Amino acid sequence: QVVLEESGGSSVQVGGSLKLSCAASGYTAGVNCVAWFRQGPGNEREGVAVIQKGWGYNAAYSDAVKGRFTIAQDNAENTYLHMNNLNPEDSAVYYCAASTFSWVDCRRLRTTDFGFWGQGTQVTVSA
């Protein structure tokens, strides 16, 4: 079992920045990828960014956030999402997710490929 805990969600103004954190615990040895998803009101959950554990140069982003968000990880089972130039469309609950699947599968950012999920953290961007 893998337990994921997100933190860092907040309310910010348009153009602002936030850093989300995801702490993983439990049996993390089998985890290959960690990703961030988000779900806004009335919307389906969508993939934002994913990184291959231990291979920091393997990262992928959705078109909506490419160039503004950066996913990173440290050696202590923590994964981060650096979000810059935020706009109201970025408002959502952000979820951390972990997968044991291959990088080929992970980079597609499909919710069905991620078996472990955190509870989410709220990000609100206002004008």
Side-chain angles (χ1 to χ4, degrees):
Q1 183 71 11
V2 176
V3 178
L4 303 171
E5 184 172 359
E6 305 95 336
S7 62
S10 182
S11 296
V12 296
Q13 292 189 325
V14 170
S17 299
L18 271 180
K19 174 185 173 182
L20 303 183
S21 300
C22 172
S25 60
Y27 186 68
T28 61
V31 171
N32 187 45
C33 313
V34 179
W36 287 94
F37 288 77
R38 67 185 182 185
Q39 187 166 17
N43 295 332
E44 293 186 354
R45 194 169 297 188
E46 63 172 352
V48 173
V50 58
I51 191 167
Q52 187 172 16
K53 183 182 173 185
W55 297 84
Y57 52 81
N58 278 351
Y61 300 88
S62 69
D63 289 341
V65 306
K66 198 173 296 182
R68 299 187 298 121
F69 291 11
T70 302
I71 190 169
Q73 59 186 189
D74 61 20
N75 295 327
E77 305 289 354
N78 297 314
T79 304
Y80 307 98
L81 186 66
H82 300 269
M83 305 186 294
N84 297 315
N85 194 22
L86 287 161
N87 59 61
E89 289 71 38
D90 296 317
S91 296
V93 177
Y94 282 72
Y95 297 91
C96 180
S99 175
T100 60
F101 287 13
S102 69
W103 174 243
V104 170
D105 291 321
C106 288
R107 67 185 183 187
R108 296 172 182 162
L109 284 169
R110 298 177 300 197
T111 56
T112 51
D113 289 335
F114 290 80
F116 305 99
W117 294 83
Q119 294 299 308
T121 186
Q122 177 71 50
V123 172
T124 302
V125 184
S126 57

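These numbers were taken from a predicted model, which means no experiment stands behind them.
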### Task
Could you tell me the separation between the OG atom of Ser99 and the CZ atom of Arg110, rounded to the nearest 0.5 Å?
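Nearest 0.5 Å value for the OG-CZ distance: 9.5 Å.
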### Query
Which value, rounded to the nearest 0.5 Å, describes the distance between Asn58 atom CG and Ile71 atom CD1?
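Between atom CG of Asn58 and atom CD1 of Ile71 there are 11.5 Å.
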### Task
Please name the residue in the list Val65, Leu81, Val93, Val123 that meets the side-chain contact (heavy atoms from CB on, under 4.5 Å) test with Arg38.
Val65
### Task
Pick out which of Trp103, Tyr61, Phe37 makes a side-chain contact (heavy atoms from CB on, under 4.5 Å) with Val50.
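Passing option: Trp103.
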### Task
Establish whether Tyr95 and Val2 are linked, either directly or via other cluster members, by ILVMFWY side-chain heavy-atom contacts under 4.5 Å.
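Shared cluster, no.
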### Message
With a 4.5 Å cut-off on side-chain heavy-atom distances among I, L, V, M, F, W and Y, is there a chain of contacts connecting Met83 to Tyr80?
### Response
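Result: no, two separate clusters.
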### Task
Kindly determine whether Glu6 and Tyr94 satisfy side-chain contact (heavy atoms from CB on, under 4.5 Å), including the steps that lead there.
CA-CA 8 Å; Glu6 305 95 336; Tyr94 282 72; over 6 Å; no
Would you call [X] and [Y] a side-chain contact if the rule is heavy atoms closer than 4.5 Å?
X     : Y      : result
Trp36 : Leu109 : no
Glu77 : Val31  : no
Cys96 : Val34  : yes
Pro88 : Val14  : yes

### Worked verdict on Arg68 versus Asp90 for side-chain contact (heavy atoms from CB on, under 4.5 Å)
CA-CA 11 Å; Arg68 299 187 298 121; Asp90 296 317; 2.8 Å; yes
### Message
If you count heavy atoms of other groups shown closer than 6.0 angstrom to CD of Gln122, is the number above 12?
### Response
yes
Please name the pair of heavy atoms, one in [X] and one in [Y], separated by the smallest distance, quoted to 0.1 Å.
X      : Y      : value
Lys53  : Gln73  : CA-OE1, 3.3 Å
Leu4   : Ala98  : CD1-N, 3.6 Å
Asp113 : Asp105 : OD2-O, 3.5 Å
Cys33  : Ser102 : SG-O, 4.2 Å

### Message
Between Ser10 and Leu18, is the side-chain contact (heavy atoms from CB on, under 4.5 Å) condition met? List the steps.
### Response
CA-CA 8 Å; Ser10 182; Leu18 271 180; 4.0 Å; yes
### Task
Would you confirm whether Asn32, through its side chain, and Phe101, through its main-chain N or O, come within 3.5 Å as a donor-acceptor pair?
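Side chain of Asn32 to backbone of Phe101, a donor-acceptor pair under 3.5 Å: yes, one is there.
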### Message
Can a donor-acceptor pair be found, under 3.5 Å and without considering hydrogens, that links the side chain of Thr28 to the backbone of Ser25?
### Response
no
Distance-only criterion, 3.5 Å: show the donor-acceptor pairs between side-chain atoms of residues 114-121 and protein atoms not counting sequence neighbours.
| unit_1 | atom_1 | unit_2 | atom_2 | d |
| --- | --- | --- | --- | --- |
| Trp117 | NE1 | Phe114 | O | 2.9 |
| Thr121 | OG1 | Gly9 | N | 3.0 |

